[in-house]
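Down below is the structure, laid out as structure tokens.
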Amino acid sequence: MANHIPVMYTEVLESLDIKTDGIYLDMTLGGFGHGRGICEMLGKDGLYIGLDLDSSAIIRASSSTGGLKCETAFIQTHFSRFVEILAGLGVKTLDGILMDLGISSYQLEESGRGFSFNFDELLDMRMDTSSKLSAYEIVNTYSQERLADIIESYGEERFAKRIAARIAQDRKSSPIKTTGQLAKLCAQCIPARFHVPGRNPATKVFQALRIEANDLLSGLGDTVRSAIAHLNEGGRISIISFHSLEDRAVKQAFAEAAKGCVCPKELPVCVCNHLPEIKLLTKKPLAPSSSEIVANPRARSAKLRVASKLVISDM
């Protein structure tokens with residue numbers, strides 16, 4: 001079984017300032033590494049709510065609650081649907097929220113769903129296996145132009161157009177079915193001088209396909225803003241992102257929520273009476289230590305942003 005190593009484990013738990021009787025929402029429980037840590041700090045009056053698109057993650061987490069004192073609820077859903085989940089549980093406000101936007105070691109190494117280029121598997125990349133849209137469908141049915149746009153936008157790959165053109169050409173003779181086929185194609189399209197030591201040339205393309213197949217960026221900023229609205233005064237929200245588009249969406253959502261007056265600059269005094277919702281606890285995102293990156297290379301691109309809900313007396 002894959003050994004899941006939660007990124008910045010200590011920093012995340014400390015950032016949430018966990019209360020033993022609090023209610024905590026883990027919007028992407030993944031390997032249940034951070035989640036298990038949260039639960040271990042909760043008492044019998046505490047509640048942990050874990051969400052994930054992947055039913056396997058829900059099953060594994062549900063079977064890993066031995067020795068925990070708190071109440072737990074594990075639900076398979078996209079993080080954007082958290083409001084209706086809370087309503088169904090009768091929960092109105094939260095003491096802490098965690099989002100880890102990475103993928104788990106299980107998904108990479110054992111799921112058999114083609115998340116990784118390290119194994120030659122069928123192209124899939126669906127976290128929710130009941131979803132119709134897979135990486136196979138994207139690669140083999142999207143137009144060349146749409147493929148290039150996704151690879152460039154979501155993967156930030158400079159050779160997106162070249163890769164999309166090659167995909168469109170190769171699939172005319174037969175579908176591109178496996179991760180091995182796609183990874184080899186990407187390596188051939190990217191000039192050797194642009195290959196980064198220690199990083200597979202297909203990394204950015206696989207990232208883009210994973211985001212598209214699982215709708216991981218659409219509405220992320222709106223979800224973060226809605227999550228902030230559900231925090232109790234003094235509650236914390238901690239978000240780990242792994243590439244610039246995710247981090248940008250989180251940063252912008254935090255900045256908007258931390259902003260006070262929104263009046264036009266030409267007005268001499270404030271008339272909007274708009275108050276900030278949160279205090280930024282990380283003006284710059286926290287990054288993993290060098291020792292953590294050595295122990296867990298997948299952590300190298302992680303960024304942790306943390307904010308706390310302002311209390312009325314702070315305003």
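Note that the coordinates shown come from a computational prediction; the quantities given were computed from them, not determined experimentally.
- Of the possible donor and acceptor atoms, none in the side chain of T20 sits under 3.5 Å from a partner among the backbone N and O of D45.
- Using a distance-only test at 3.5 Å, with no hydrogens or angles considered, a donor-acceptor pair links the side chain of K309 to the main chain of I228.
- Remark: I293 CD1 to N296 CG distance equals 9.5 Å, nearest 0.5 Å.
- Under the side-chain contact (heavy atoms from CB on, under 4.5 Å) criterion, T141 pairs with E137, sequence neighbours left out.
- In terms of modelled atom types and a separation under 3.5 Å, the side chain of T179 and the main chain of E121 share a donor-acceptor contact.
- Inter-residue side-chain proximity for L42 and K69 is flagged as unmet; no heavy-atom pair is nearer than 4.5 Å.
- Residue pairs meeting the side chain to side chain donor-acceptor pair (under 3.5 Å) criterion with at least one partner in residues 196-216, sequence neighbours excluded, are Y142-E212.
- Both I239 and I23 sit in one connected hydrophobic cluster of ILVMFWY residues. Membership requires side-chain heavy atoms under 4.5 Å apart, directly or through other members.
- Nearest heavy atoms, G221 versus A253: O-CB, 3.8 Å.
- Counting only heavy atoms from C-beta outward, the side chains of I75 and I58 never approach each other to under 4.5 Å.
- For residues 154-194, the pairs satisfying ring-ring contact (aromatic ring centres under 6.0 Å, His included) are F159-F194, with sequence neighbours left out.
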Test side-chain hydrogen bond (donor to acceptor under 3.5 Å, both in side chains) on T28 and D100; report intermediate values, then the result.
CA-CA 6 Å; T28 48; D100 179 347; 5.5 Å; no
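- M8 and L280 fall into different hydrophobic clusters, where Ile, Leu, Val, Met, Phe, Trp and Tyr residues are linked whenever their side-chain heavy atoms come under 4.5 Å apart, directly or through other members.
- One distance of note links CZ of R126 with NZ of K132; it measures 11.5 Å at 0.5 Å rounding.
- Partners of D170 according to the side chain to side chain donor-acceptor pair (under 3.5 Å) rule, which considers only residues two or more places apart in sequence or in another chain, are R166.
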Test log, rule side-chain hydrogen bond (donor to acceptor under 3.5 Å, both in side chains), inputs T65 and T72
CA-CA 8 Å; T65 59; T72 58; 5.3 Å; no
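- In this structure, I103 and M127 have side chains that are in contact, with non-hydrogen atoms separated by less than 4.5 Å.
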Please list, one pair per line, the donor and acceptor atoms closer than 3.5 Å that link side chains of residues 85-92 to other protein atoms, with sequence neighbours excluded.
none

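- The distance from the OG atom of S301 to the CD atom of E246 is 8.5 Å, given to the nearest 0.5 Å.
- Of the possible donor and acceptor atoms, none in the side chain of E233 sits under 3.5 Å from a partner among the backbone N and O of V311.
- Shortest non-hydrogen contact noted between I240 and A302 is CG2-CB, 4.0 Å.
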Steps toward side-chain contact (heavy atoms from CB on, under 4.5 Å) verdict (L182, L209):
CA-CA 11 Å; L182 182 60; L209 293 175; 3.5 Å; yes
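- Within the model, atoms NE2 of H78 and CZ of R81 stand 10.5 Å from one another, a figure rounded to the nearest 0.5 Å.
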List the atom pairs, with distances to 0.1 Å, where a side-chain N or O of residues 29-41 and a protein N or O form a donor-acceptor pair under 3.5 Å, not counting sequence neighbours.
from : atom 1 : to  : atom 2 : distance (Å)
H34  : NE2    : V7  : O      : 2.7
R36  : NE     : E40 : OE2    : 2.9
R36  : NH1    : S64 : O      : 2.5
R36  : NH1    : G66 : O      : 3.2
R36  : NH2    : G66 : O      : 2.8

Could you walk me through whether L281 and R236 pass the side-chain contact (heavy atoms from CB on, under 4.5 Å) test, one step at a time?
CA-CA 9 Å; L281 300 183; R236 301 284 185 89; 3.5 Å; yes
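- Side-chain atoms of D95 do not come within 3.5 Å of backbone N or O of Y24 as any donor-acceptor pair.
- Two residues are said to be in side-chain contact when any heavy atoms from C-beta on lie closer than 4.5 Å; I190 and I163 meet this criterion.
- L98 and L101 fall into different hydrophobic clusters, defined by Ile, Leu, Val, Met, Phe, Trp and Tyr side-chain heavy atoms under 4.5 Å apart, directly or through other members.
- No side-chain heavy atom of K303 sits under 4.5 Å from any side-chain heavy atom of V250.
- Every ring-ring contact (aromatic ring centres under 6.0 Å, His included) that F117 has, sequence neighbours left out, goes to F206.
- Distance check: S238 OG to D26 CG gives 10.5 Å after rounding to the nearest 0.5 Å.
- Both L133 and F79 are assigned to one and the same hydrophobic cluster, defined by single-linkage of ILVMFWY side chains at heavy-atom distances under 4.5 Å.
- Contacts of P175 classified as side-chain contact (heavy atoms from CB on, under 4.5 Å), with partners at least two apart in sequence or in another chain: Y136, N140, K177.
- Screening residues 219-228 for side chain to side chain donor-acceptor pair (under 3.5 Å) gives D222-R225, R225-E256 as the qualifying pairs, with residues at least two apart or on separate chains.
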With side-chain contact (heavy atoms from CB on, under 4.5 Å) as the test, would you mind laying out the steps for I167 and V139 before giving the verdict?
CA-CA 7 Å; I167 289 173; V139 167; 3.8 Å; yes
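- By the side chain to side chain donor-acceptor pair (under 3.5 Å) test, E14 is found to be paired with no residue, residues two or more places apart in sequence or in another chain being considered.
- Of all heavy-atom pairs between A213 and A135, the closest is CB-N, 4.3 Å.
- Each ring-ring contact (aromatic ring centres under 6.0 Å, His included) pair with one or both residues in residues 227-248, not counting sequence neighbours, appears once here: F82-H230.
- Looking at every heavy atom in both residues, A160 comes nearest to A148 through CB-O, 3.5 Å.
- Proximity of L310 to P276: side-chain heavy atoms (C-beta onward) are separated by under 4.5 Å at one or more points.
- No continuous path of ILVMFWY side-chain contacts below 4.5 Å connects L25 to L16, so the two sit in separate hydrophobic clusters.
- Across all non-hydrogen atoms, the minimal contact from Q76 to D128 is NE2-OD1, 3.4 Å.
- Every side-chain contact (heavy atoms from CB on, under 4.5 Å) that R113 has, sequence neighbours left out, goes to D54, S56, Y106, S111, F115, D124, T129.
- For the residue pair P201 and E157, the shortest heavy atom distance occurs at O-OE1, 4.3 Å.
- Side chain of S63 to backbone of R60: a donor-acceptor contact under 3.5 angstrom is found.
- Checked by atom type and distance alone, the side chain of D247 never pairs as donor or acceptor with a backbone atom of S241 at under 3.5 Å.
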